[in-house]
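Down below is the structure, laid out as structure tokens.
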Amino acid sequence: MSTLIDGKALAAKLRGELKEKVAEFKRTKGEIGLAVVLVGEDPASQVYVRNKIKACEEVGIRSYSYHLPAETSQSDVEALIDELVVSEKIDGILVQLPLPKHLDERKILRRIPHTKDVDGFCAENVGNLAMNRETIVACTPFGVMKMLEAYGIDPKGKSAVVLGRSNIVGKPMAMLLVNADATVTVCHSKTQNLKEVCAAADILVVAIGKAKFVTADMVKEGAVVIDVGMDRDENGKLCGDVDFENVKDKASYITPVPGGVGPMTITMLLYNTYIAASRR
Ligand code: GUN
């Protein structure tokens, strides 16, 4: 039987600690502000943004919400970002992705300076991460590292496999694990012998967005399994990229969905906003 990595409980603990730090910051240096920009009506994005704003309130960070219509022009989105960049009230700028198709995401994100890039997406922050220097780290992989740390799982010398190579999760996750002295393999849709590669992992991080993709035969006995997925099963029920019911008895540690990585992602966004304010 495996140990459940309780992301919800860990997130609550970290948010409690952060709330005290934010209160102390406010006493001496003033408010901390996060701007959240949502363009369009994507239902999942609306839920994520709502949760982010609620979490800000919980720890005492002031949120500034900008919900723009789906047909907003490139220049109007850029003009808003430019305003937020110079605003002294704003420590962090988050543009919820994906953006509507007619918008040039890269051009928009490039207007956010690395000091306010609380998502850790920009080239400067990613470059610093690659060089193992102080930086702002993308929230989801950062949250995964915090989970490993909280449960006393040291990646040093371990074989870690990351399933997925996105800029938001897979790539920064791999860099964090390398920086923590793991031996890292990154798998993706073109990987050969995927099952064997996964089954050799001491730590398996799964972020491919396919419901219950990782089955028990892909997991080594005693492996640590981290599920970044947020999918729906055949009955429309929320589930992860890992076939939890069948994998849980094989793993030594496993994250559930929901209640695993999800709450940690938002917590690290709050943490990154606090850090950005501290470096003002
Ligand atoms: N869309 C899905 N995940 C994320 C994230 O971590 N940050 C932003 N800005 N958009 C997302």
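We number each residue from 1, following the sequence as shown. Read the numbers this way: they start at 1 and go in the same order the structure lists the ligands and their atoms.
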Amino acids in close contact with ligand 1, where any non-hydrogen atom sits under 4.0 angstrom away: Lys52, Leu94, Val95, Gln96, Leu97, Asp119, Phe121

N/O donor-acceptor pair under 3.5 Å between Ser252 side chain and Ala223 backbone: yes

Lys146 to Tyr271 six-membered ring, cation-pi geometry met (6.0 Å, 45°): yes

List for me each residue that meets side-chain hydrogen bond (donor to acceptor under 3.5 Å, both in side chains) alongside Lys195, sequence neighbours excluded, and say none if there are none. Asp217

How long is the straight-line distance from CD of Glu83 back to CD1 of Ile93, given to the nearest 0.5 Å? 10.5 Å

Taking Ile203's backbone N and O only, do any of them form a donor-acceptor pair with Lys220's side chain (distance below 3.5 Å, no angle check)? no

Ignoring hydrogens and geometry, is there a side-chain-to-backbone donor-acceptor pair from Asp227 to Val257 under 3.5 Å? no

